[in-house]
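Hydrogens, waters and symmetry mates play no part in the numbers below; they use all other heavy atoms, side chains included.
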Amino acid sequence: MDQSQIHIDGWSIATPLLVAFLIIAATVLQFYYTRKRPRGCLDPDEFREFKLVKKTQINHNVARFRFALPTPSSVLGLPVGYHVRCRGKDSQGETVIRPYTPITLDSDRGYFELLIKMYPKGRMSHHFRQMREGDWLPVKGPVGRFRYKPGQVRAFGMIAGGSGITPMFQLTRAILENPKDKTNLHLIYANHSFEDILLKQEELDGFAAKFNTRFKVYYVLSQAPKGWNGGVGHISKEMIRSHCPPPAHDIQILRCGPPPMNSAVAAHLDSLAYTSEMQFEF
């Protein structure tokens, strides 16, 4: 047989022609795949810098920071449930690195956003407080232990305090904006005052109105205003029993907040018979 020919079902194909065809087909497939799923902009080992293009003050100590990606079609490349590490300088000029969860997804092309609560004595808070539009922020990632797959549970209970809402919001967006994902969500969100509630009106309340059978949110304030109809005080065992899915093999309770809140919530969950497999702390 002629070594330069390959015979397939009665057809004789020149070997160089077949090789050329396969190369072209592979190139086309690779081009289609990379166009469909753009490569992320993060590096897990090295910090990359991103330019601050918009800073929006939300209240006295919270601001929303928008950072540009290299091109208008670029994506950050952060899996749902993961976070990034940001590097800056504290008030003494010393380097500080802190984890943050973006409130944007890879469906948001060309930019990503961080919602930052800036504490008076926070070392990284100082860096964000000093940042101005046009400044650059070193970011590294993805980082994390919780990687979400659509449909992995029937329902999530989410318990957040203060800026601990960001990983919950990231997950909520990913689930509710995916028409194929039918996961139910139950959020308990605690803050000191009404003004401290982040992402409330347009985002969380908007989701609760649009997905009223799948997303429930219960707000808790330690300093509640007159006429407040949500929870008052700290998150209690009864609040969890009333506003989270009961223990089951196909549910999970997530928590993220200040360490004292996380410890208290963990104790409540244990006493309510939620196993360790049913719990996750960001």
Side-chain angles (χ1 to χ4, degrees), residues 56 58 62 64 66 75-76 78-83 100-109 111-115 144 146-191 194-221 224 228-231 235-236 238-257 261 265 269 272 274 278-282:
T56 305
I58 304 300
V62 176
R64 193 167 182 155
R66 175 174 289 197
V75 300
L76 185 61
L78 186 70
V80 175
Y82 277 47
H83 58 272
Y100 294 95
T101 303
I103 57 173
T104 43
L105 302 174
D106 280 355
S107 56
D108 301 300
R109 301 292 181 93
Y111 68 92
F112 71 95
E113 290 186 343
L114 298 176
L115 188 66
F146 180 88
R147 187 164 188 168
Y148 178 66
K149 295 179 181 178
Q152 71 183 44
V153 295
R154 172 178 52 84
F156 280 114
M158 302 182 292
I159 303 174
S163 57
I165 189 63
T166 55
M168 310 303 184
F169 181 71
Q170 179 204 57
L171 179 61
T172 298
R173 275 198 63 189
I175 291 173
L176 297 181
E177 293 179 10
N178 180 0
K180 297 180 180 180
D181 197 330
K182 304 304 179 184
T183 307
N184 292 321
L185 302 164
H186 306 259
L187 171 64
I188 299 176
Y189 184 22
N191 285 279
F194 183 84
E195 292 73 22
D196 291 326
I197 303 175
L198 305 176
L199 301 167
K200 184 181 189 299
Q201 189 170 356
E202 293 184 8
E203 292 89 352
L204 297 176
D205 290 350
F207 280 142
K210 185 176 180 180
F211 303 94
N212 57 359
T213 61
R214 294 182 51 216
F215 178 70
K216 307 291 184 182
V217 56
Y218 182 70
Y219 299 105
V220 180
L221 299 178
W228 174 252
N229 60 3
I235 295 173
S236 67
E238 286 307 312
M239 290 178 188
I240 296 173
R241 196 198 311 269
S242 299
H243 298 282
C244 283
H249 71 279
D250 57 355
I251 68 95
Q252 194 168 29
I253 308 297
L254 313 176
R255 60 180 181 266
C256 186
M261 187 208 86
V265 167
L269 292 173
L272 290 169
Y274 291 94
M278 298 176 195
Q279 303 181 41
F280 183 86
E281 181 177 312
F282 284 101

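Between H186 and P245, the shortest heavy-atom contact is CD2-CD, 3.7 Å. Closest heavy-atom contact between G231 and M239: CA-CE, 4.3 Å. Across every non-hydrogen atom of I188 and V220, the tightest pair is CG2-CG2, 3.9 Å.
Between the side chain of E177 and the backbone N or O of A174, no donor-acceptor pair lies under 3.5 Å. The main-chain N or O of T183 is found under 3.5 Å from a side-chain atom of R214 such that the two form a donor-acceptor pair.
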**Q.** Stepwise salt bridge (charged side-chain N to carboxylate O under 4.0 Å, His left out) test for D108 and R66
**A.** CA-CA 11 Å; D108 301 300; R66 175 174 289 197; over 6 Å; no
Q) Would K200 and V217 satisfy side chain to side chain contact (heavy atoms under 4.5 Å, CB included), going step by step from the backbone distance to the final call? A) CA-CA 10 Å; K200 184 181 189 299; V217 56; over 6 Å; no
Q) Passes side chain to side chain contact (heavy atoms under 4.5 Å, CB included), L199 versus R64? Steps please. A) CA-CA 10 Å; L199 301 167; R64 193 167 182 155; 4.2 Å; yes
Q: Apply the test side chain to side chain contact (heavy atoms under 4.5 Å, CB included) to residues K216 and Y218: give CA-CA distance (whole Å), side-chain angles for both, the deciding distance (0.1 Å), then the verdict.
A: CA-CA 7 Å; K216 307 291 184 182; Y218 182 70; over 6 Å; no
(Q) Using side chain to side chain contact (heavy atoms under 4.5 Å, CB included), reason through M261 and I235 one step at a time and then give a plain yes or no. (A) CA-CA 8 Å; M261 187 208 86; I235 295 173; 4.2 Å; yes
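Residues L105 and Q170 are in side-chain contact: their nearest non-hydrogen atoms beyond the backbone lie under 4.5 Å apart. Using a 4.5 Å heavy-atom cutoff, the side chains of F194 and W228 are in contact. Side-chain contact between I253 and V265 is absent, with no heavy atoms from C-beta onward closer than 4.5 Å. Counting only heavy atoms from C-beta outward, the side chains of N184 and F215 never approach each other to under 4.5 Å. Taking the side chain as every heavy atom from C-beta outward, Y148 and P150 approach each other to under 4.5 Å. Looking at heavy atoms from C-beta onward, R241 lies out of side-chain contact with P246 at the 4.5 angstrom threshold. Under the 4.5 Å side-chain criterion, counting only non-hydrogen atoms from C-beta, Y274 is in contact with I251. Counting heavy atoms from C-beta outward, P167 and H83 have side chains that stay 4.5 Å or more apart.
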Contacts table for residues 158-166: side-chain donor-acceptor under 3.5 angstrom, sequence neighbours left out:
unit_1 : atom_1 : unit_2 : atom_2 : d
T166   : OG1    : S163   : O      : 3.3

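Under 3.5 Å, the side chains of D205 and Y219 contain a donor-acceptor pair of N or O atoms.
The OG1 atom of T101 sits 11.0 Å away from atom CG of L115, with the distance rounded to the nearest 0.5 Å. Taken from CZ in R173 to OG1 in T104, the straight-line distance is 7.0 Å, to the nearest 0.5 Å. Interatomic distance, L171 CG to L176 CG, rounded to the nearest 0.5 Å: 9.0 Å. For the atom pair CD of Q279 and CG of L254, the computed distance is 10.0 Å after rounding to the nearest 0.5 Å. The structure places CE of M278 at 10.0 Å from CD of Q252, a figure rounded to the nearest 0.5 Å. Here the SG-CG distance, from C244 to L185, works out to 11.0 Å after rounding to the nearest 0.5 Å.
The residues K210 and E202 are annotated as not salt-bridged, no charged nitrogen and carboxylate oxygen being separated by less than 4.0 angstrom.
Applying the side chain to side chain donor-acceptor pair (under 3.5 Å) rule to E281 yields the partners R255; only residues at least two apart in sequence or on another chain are considered.
Listed by first and then second residue, the salt bridge (charged side-chain N to carboxylate O under 4.0 Å, His left out) pairs that reach into residues 181-190 come to none, sequence neighbours excluded.
In this pair, F146 and F156 present their aromatic rings perpendicular. The plane angle is above 60°, beyond the 30 to 60° band.
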